[in-house]
Structures are given as structure tokens and as C-alpha cells.
There are 2 protein chains.
Amino acid sequence: MAQKDKSSTDETRLSGASQIDVARLAGVSQAAVSRTFTPGASVSADTRAKVLAAAQQLGYRPNVIARSLIKHSTNIIGIVIVRFWNPFYWRVFKEFTQKLQDLGYWTLLLNASHDQEVEDTLPMALQYQVDGIIITSATLSSRMADECVRTGTPVILFNRYVLGTRAHAVCCDNVSAARMVADALLDGGHERLAYIAGEAGSSTNRDREQGFTQRLQERGYTSWLCESGNEYTYESGYAAAKRLLQRDDPPDAIFCFSDLIAMGTLDLARELGVKVPEDLSIIGFDDIAMAGWPSYSLTTVRQPIGRMVDTAIETLMTAIETPDIETVMKWIPAELVKRTSARLGDR
Amino acid sequence: MAQKDKSSTDETRLSGASQIDVARLAGVSQAAVSRTFTPGASVSADTRAKVLAAAQQLGYRPNVIARSLIKHSTNIIGIVIVRFWNPFYWRVFKEFTQKLQDLGYWTLLLNASHDQEVEDTLPMALQYQVDGIIITSATLSSRMADECVRTGTPVILFNRYVLGTRAHAVCCDNVSAARMVADALLDGGHERLAYIAGEAGSSTNRDREQGFTQRLQERGYTSWLCESGNEYTYESGYAAAKRLLQRDDPPDAIFCFSDLIAMGTLDLARELGVKVPEDLSIIGFDDIAMAGWPSYSLTTVRQPIGRMVDTAIETLMTAIETPDIETVMKWIPAELVKRTSARLGDR
DNA sequence: AAAGTGTTTGTATACGTATGCAAAGCATTA
DNA sequence: TAATGCTTTGCATACGTATACAAACACTTT
């Protein structure tokens with residue numbers, strides 16, 4: 001009783017009207033108000049109308065926080081994003097947030113500069129009782145994966161995978177894509193091939209490098225060049241390309257871990273007066289928007305972002321509904337987009 | 001009592017241990033546990049140790065949702081972002097999320113394709129009891145601003161302002177920046193100037209256009225060209241530049257609303273064989289990363305993102321602490337970055 | 001030893017909503 | 001009319017935490 005009085009007399013509170021206020025105005029119980037706003041609950045048309053009128057008059061809005069407390073579900077998905085400078089991840093992020101929003105989920109962002117920070121911030125995100133976590137472009141330590149499993153929060157790795165954990169994964173089929181690039185370059189008659197790598201420890205980089213070099217070996221090539229791009233930025237591509245092209249035996253084709261690296265490579269080649277694609281073929285990865293601009297017109301591997309994101313979300317939804325599902329890993333095939341930065345075979 | 005039993009016997013619950021579980025294990029009251037995790041609360045070193053040990057053993061993590069329910073504060077800031085394709089806003093977004101995170105706030109993202117969607121999604125975000133809202137690159141209707149004020153949620157507009165609402169605003173000083181560009185181009189000896197606009201209705205576009213043309217008038221120029229860029233993308237810049245450069249009297253200098261537009265313009269000029277900057281000067285706005293790449297080397301106006309974001313966050317924090325503060329509007333000065341796409345005067 | 005001070009602790013209640021349960025309402029059937 | 005079934009309603013309680021209040025405690029001072 002005292003409670004009700006408090007609620008209706010204290011007009012200074014910020015949070016607006018509560019169900020109790022609405023109930024009193026409509027002359028029904030708080031439960032009736034709750035049921036009115038719960039789809040599928042049992043309320044007569046009569047009470048419903050009274051409640052809605054009262055709610056309207058008071059400007060009532062359901063308090064999602066209170067609901068979450070009971071339901072053990074927030075309708076929030078945490079997204080971890082590490083490499084903010086890469087336009088590729090922006091499209092990924094955009095697709096995720098938009099599609100999740102269409103499904104009625106909201107997005108809590110965890111911005112980490114390094115993998116280490118992911119370790120630090122993830123536990124805090126778990127405190128917000130997010131319904132699921134999507135991790136893009138970062139590795140998840142198994143300790144952290146266990147932590148998520150313990151709280152029952154499903155985790156999807158995007159473009160990474162970690163074996164031996166309960167973290168699901170959706171990746172571009174990097175191995176096949178890299179093999180495809182190797183074939184295309186060899187068919188184009190190139191002899192001295194090179195690869196500029198991305199982040200050393202990542203499964204993504206490992207798969208691309210292995211797919212590429214394995215295919216070279218299969219077709220009888222025993223030597224190639226390899227440069228590390230470290231951080232996979234434009235600048236690191238520029239620097240790595242400089243090391244490659246100033247050698248005595250420069251490559252006649254370079255496969256780059258990302259489009260940003262490829263653009264750095266392309267700009268450096270132009271600066272040195274190396275003709276692309278006559279003297280040097282360059283192939284990127286991602287197919288970011290800029291790759292299609294006339295200034296670059298980059299031949300590259302298009303990651304099917306739409307399908308990858310769809311698959312990741314489907315997997316996540318399934319995992320939310322059936323917590324004890326076994327770990328899912330999916331590889332989505334990529335496509336070679338031929339523009340003018342590489343001289344390729346006809347087939 | 002019954003409650004305690006439930007809590008400790010039901011081992012299947014997902015949400016992990018609660019303060020009650022910890023309290024029982026440590027042999028103290030639930031309040032003692034709460035105090036242990038509340039900085040500044042009164043607990044003896046002895047109990048604190050017992051509680052921490054028990055918490056550790058049970059893997060206890062505070063439930064932020066429950067805390068938020070009481071405190072009427074979630075430590076979450078909602079960020080509305082509309083134009084996802086513009087690299088400028090990526091940097092803005094990155095700065096916001098990182099700095100907010102350092103302050104202990106989290107970011108809930110609202111991704112809207114159009115201004116209309118902002119109207120629709122904002123009320124839903126308010127239900128999450130966010131402590132504040134930052135709106136980048138979108139306008140806020142006064143109806144919606146009132147809605148926010150009603151719930152006591154402070155709003156910061158970033159690079160927009162709307163007069164007559166209670167929404168605070170932090171903007172780049174677009175008027176001064178555009179006047180600076182006009183001066184620089186006139187000092188460089190240009191005669192036929194043009195402006196390629198951004199989004200028609202925005203305060204940002206209006207201020208840049210007015211600053212530019214007013215300065216031209218002040219210095220005795222009575223005619224100039226103006227093209228609409230509609231959506232301010234690379235493609236729209238490319239198209240607008242085509243219309244400008246295929247005229248009988250093409251401009252010898254183009255001031256573009258954004259770097260993306262300027263890059264489209266630059267690529268189109270190259271395609272038509274127009275020499276930049278000899279025959280045509282191009283100036284952009286934003287200074288996105290790509291503007292500095294050798295392929296473009298774009299002369300442009302650098303928006304001081306760091307300072308702008310800092311100011312926005314400061315303003316927001318003040319508004320959160322003192323709800324009844326008067327509406328704040330701040331304009332941050334910009335800087336002209338001289339590269340090679342424009343022929344400018346020496347001074 | 002008593003009084004006074006400051007610290008620590010437990011009890012009880014509140015935050016706003018959802019829901020199991022039983023009572024009540026209503027319509028249908030025997 | 002009584003019995004039956006279905007729908008609607010209110011009561012009570014739970015979710016996990018914070019905090020006002022008073023009781024208990026530990027010291028210091030007189």
C-alpha cells in the first residue's frame with residue numbers, strides 16, 4: 001500500500017510512469033497491465049482498452065531492464081570489434097547491427113584495440129547478461145570461452161575459429177579462396193609469386209597463406225616470397241611492397257592478405273614506376289568499396305559478407321534457443337572479382 | 001528462507017551465482033556481499049576477504065541489470081549512426097566508443113538507414129534506460145527531443161544542431177572552415193568556383209555552402225556553380241563532377257562537401273584527362289585516412305575529431321550530472337590540410 | 001566502569017515487471 | 001438448476017541488487 005502511494009505521489013522521478021501507476025488510473029491490477037503488454041497473455045478486450053488508454057495518458061513505456069531481470073534475457077547481443085580501421089569490418093558491423101535490429105535485438109559494442117583488451121572487457125559485457133556474443137576479427141582464449149559457456153552465453157566467432165572450444169565459428173573459406181588465387185595467377189603465366197601476410201597468429205592469415213602456397217606446390221612450384229604485413233593496414237602494405245620490389249629478383253605477382261595492403265602495394269608500385277598489371281599483378285582480399293573505384297580497380301577476392309552474416313546470425317539464434325547444441329563451424333565460399341590490377345588466365 | 005533454499009539447490013540456472021549464494025558460503029548477509037562490491041561502502045577487511053574468497057569459488061559476477069533497476073542508471077550510452085558508408089563516421093564512432101569505454105560506459109548502437117528510422121528506434125532505446133544519447137549525422141525532430149527530455153535522457157547532436165530544442169550540439173565550425181576554403185582558392189587565383197553539396201536539409205551542408213558563398217560575395221564574386229551531391233557518396237561525387245566538367249564553362253576549382261565526393265570528383269577528372277591541380281583544384285572535407293594516400297593526396301579540411309568527441313563527451317557527462325542544465329552548443333574550429341589536389345596561394 | 005565515538009553488520013524494503021495459482025466470472029451442457 | 005469447462009482477474013511472489021535504519025561491536029576517553 002505504502003508502495004502504491006509512493007509511486008503516485010512522487011512526481012519528480014525521472015523514469016516515468018510504472019505499471020502500478022497505470023493500473024491505478026485504469027482501475028485494474030498491476031498484473032492486468034503487465035498482461036496487456038505481454039503478447040499472448042490473457043486479457044479481455046475491455047481491460048486492455050482501459051489499460052491502453054491509461055498508459056497513453058501517462059506516457060507509460062515498459063521498463064526493459066525490469067523485464068530482463070525476470071526473463072534472464074536482455075535481447076541484447078554483444079559485438080566485439082577489434083580492427084576499426086579496416087573498411088571490411090565496417091560492412092560486417094553494419095550488416096550485423098541492421099539484421100539483428102530487424103530481429104528485435106540490440107547491439108552492445110565492445111571496442112578493443114588489442115586482443116588483450118577483449119579478455120578484459122568481455123567479462124564486463126557478460127555482466128550485462130547479453131543473450132549472445134559475436135566476435136569479429138579477434139581470437140578468443142579458451143579460458144574466456146569457458147567463462148562464456150559457464151554463464152550460458154553463446155559465442156560466435158566471425159572469420160576466426162578456435163578448435164577445442166565451445167565457440168561456434170563462421171568463416172570465409174579462406175583456403176579454397178587462396179588456392180583459387182594461386183591457380184588464377186599461375187594460369188596468367190606468372191613465375192615469381194609473393195604473399196604479403198596479415199596478422200601472424202590468426203587462423204585467417206594461416207589459412208590464406210597455406211592455401212596459396214600448398215596450391216603452388218601442387219602445381220610444381222617450390223619457391224615463393226613471403227613478407228609480413230604485421231598490422232594489416234595500407235601503410236604496412238606499402239612498406240612490405242617496398243621490401244619486395246626493391247629486391248634483385250622482384251616478384252611479378254603479389255597476393256595480399258587484404259585490400260588495404262593491396263592498395264598500399266599498388267600505390268608503391270606506381271611510385272616506383274612499375275607497370276600494373278603488365279609488370280606486376282596484384283590481388284587483394286575482401287572487396288571493400290574502394291577496390292572498385294577507378295583509381296585502384298583492384299582484382300580481389302570478394303567475401304560474401306551478406307551470406308556470412310546471415311549464417312552467423314542463424315547459428316547464434318539456434319544456439320540461443322538450444323543451449324546445449326554442439327559446436328558449429330561453417331565455411332562460406334568466396335568469389336574472385338576480376339578487375340584490372342592482375343593479368344590472369346582466360347578460364 | 002525458502003528463497004535461499006531455491007537459490008542454492010537449483011543448480012541448473014544459467015545466470016550463475018547470486019549475492020545470496022555468496023553470502024551463504026561466506027557466512028555473512030547478502031548486504032555484506034553487496035557492500036564488498038560497492039566501492040566506498042563500509043566493510044571490514046575480514047568480511048571482505050571472506051566474501052571475495054566465496055565469490056571467487058562460485059565464479060560470482062555482479063548482475064548489472066539488477067543494479068541498474070535500482071540505480072535508475074545503466075552506464076550505457078546510446079549512439080545513433082545513420083550513414084555507415086562514410087569513413088569519417090567510423091573514426092567518430094571509434095573515438096566515441098573507446099573514450100566512453102575508458103570512462104566506464106558502454107555503447108548501445110542504433111543503426112538507422114534513414115532519419116525516419118531514427119524516429120522509430122529511439123523510443124525503443126529509451127526503454128533500455130540509457131543514461132544518454134549521442135546522435136551522429138542525423139537530425140532529431142523536436143517531437144523526439146521532447147520525448148527524450150520527458151524521460152530525462154540527455155541528448156547530444158554531433159555535427160548537427162537543431163534550434164529550439166533541448167538537444168545539446170557539438171559541431172565542427174563549418175562556416176569558418178568554408179570561408180577559409182573560399183579564401184584559399186581565391187588567393188590561388190581561381191576564377192570559376194563550384195560547390196558540390198551534401199545532404200540538402202542538414203545544418204552541416206547549409207553552413208558549409210553559406211560560409212563558402214558568403215565569403216565569395218564579400219570578396220566581390222557574384223557568380224559560382226553549385227551541384228547537389230544528394231547522398232554524399234563517392235558515386236554521387238563522380239556524377240556531380242561529370243555534370244560540372246562537361247559544361248561549356250567548367251569550373252577551375254571545386255569545393256566538395258566531403259572527401260568521398262572529392263575522390264569521386266578527382267577520379268572523374270582523371271578519366272576526362274583534366275589535369276589536377278593545374279587545370280582544376282579540388283578541395284574536400286573531413287580528412288579521412290584515404291585522403292592522405294598518394295593516389296589521392298587530397299587537399300582537405302580536417303575536422304578535429306578528437307577534440308569534437310572529447311567536447312561531446314564532456315557535455316554529455318555534465319548533462320547527466322546536472323539534468324537541468326541549459327542547452328549547450330559548441331563549434332570547434334577546423335584546419336586546412338594542404339596536399340596536392342589544389343593550387344593555393346602562398347599565405 | 002561508564003559514557004562517548006566511530007565502524008561494521010544484519011534486517012527489511014524497494015526497484016518495475018512477469019507469472020503460478022486460485023478465485024471469480026461467464027457460457028454451455030446435461 | 002447444477003455441473004462443467006473456459007476465460008479473465010487479482011494476489012502473492014520472484015528476479016538480483018542497493019541502501020536506510022537500527023542494532024551490535026570495538027575503541028577511546030573520562
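Naming convention: chains lettered A, B, ... in sequence-line order (proteins, then strands); numbering from 1 in each chain. Just so you know, these numbers come straight off a predicted model, no measurement behind them.
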The criterion is side chain to side chain contact (heavy atoms under 4.5 Å, CB included); which residues satisfy it with A/A31, sequence neighbours excluded? A/S29, A/R35
Please give, in whole Å, the distance from C/dG16 C1' to B/Q129 CD? 9 Å
When rounded to whole Å, the CG to P distance for the pair A/N63 and C/dA14 reads 18 Å
How close do B/V118 and B/P123 get, heavy atom to heavy atom, and via which atoms? O-CD, 4.4 Å
If I take atom CG in residue B/L69 and atom P in nucleotide C/dA18, what distance separates them, rounded to the nearest angstrom? 12 Å
Verify side chain to side chain contact (heavy atoms under 4.5 Å, CB included) between B/D131 and B/N75, making sure each step is shown before the conclusion. CA-CA 6 Å; B/D131 291 352; B/N75 267 19; 3.8 Å; yes
Here the distance between atom C1' of C/dT19 and atom CZ of A/R67, to the nearest Å, is 13 Å
Pairs under 3.5 angstrom only: tabulate donor-acceptor contacts from the side chains of residues 314-323 of chain A to other protein residues two or more places apart or in another chain.
unit_1: A/T315; atom_1: OG1; unit_2: A/T311; atom_2: O; d: 2.7
unit_1: A/T318; atom_1: OG1; unit_2: A/E314; atom_2: O; d: 2.7
unit_1: A/T322; atom_1: OG1; unit_2: A/T318; atom_2: O; d: 2.7

d(NZ, A/K71; C1', C/dG16) in whole Å: 14 Å
NA contact type, B/S68, heavy-atom cut-off 4.0 Å: base, sugar-phosphate, or nothing? nothing
Selection: residues 31-44 of chain B, any non-hydrogen atom under 4.0 Å of DNA chain C: B/A31, B/A32, B/R35, B/S42, B/V43, B/S44
Partners meeting salt bridge (Lys or Arg N to Asp or Glu O under 4.0 Å) with A/D310 (sequence neighbours left out): A/K99
Quickly work out the B/I20 CD1 to D/dA18 P distance and round it to whole Å. 13 Å
Those residues at least two apart in sequence (or on a different chain) that pass salt bridge (Lys or Arg N to Asp or Glu O under 4.0 Å) with B/E119 are B/R143
Please report, rounded to the nearest Å, how far the P atom of D/dA14 is from the NE2 atom of A/H72. 13 Å
Who are the side chain to side chain contact (heavy atoms under 4.5 Å, CB included) partners of A/Q57, not counting sequence neighbours? A/L25
If you assign B/Q30 and B/A66 each to the DNA chain C nucleotide with the nearest heavy atom, which residue ends up on the more 5' nucleotide? B/Q30
side-chain hydrogen bond (donor to acceptor under 3.5 Å, both in side chains) with A/Q101: which residues, sequence neighbours excluded? none
Salt bridge (Lys or Arg N to Asp or Glu O under 4.0 Å) filter on A/K330, not counting sequence neighbours, yields none
Closest-nucleotide ordering on DNA chain C, the 5'-leading residue of B/D46 and B/I70: B/D46
Taking only heavy atoms on the protein side, list every residue of residues 52-60 of chain A lying under 4.0 Å from any atom of DNA chain D, sorted numerically. none
At what angle, to 10 degrees, do the two end axes of the helix from C/dA1-D/dT30 to C/dA30-D/dT1 meet, given five pairs define each axis? 50°
Only counting residues at least two apart or in another chain, list the ones meeting salt bridge (Lys or Arg N to Asp or Glu O under 4.0 Å) with B/R166. none
Give a yes/no answer on whether the side chain of A/S18 brings an N or O atom under 4.0 Å of OP1 or OP2 in C/dG16. no
Send over the distance from B/Q19 CD to D/dA14 C1', rounded to a whole Å. 16 Å
By ring pair (Phe, Tyr, Trp, His ring centres under 6.0 Å), A/Y60 pairs with (sequence neighbours left out) A/F37
Can you check whether A/V80's main-chain N or O pairs, donor with acceptor, with A/T136's side chain at less than 3.5 Å? yes
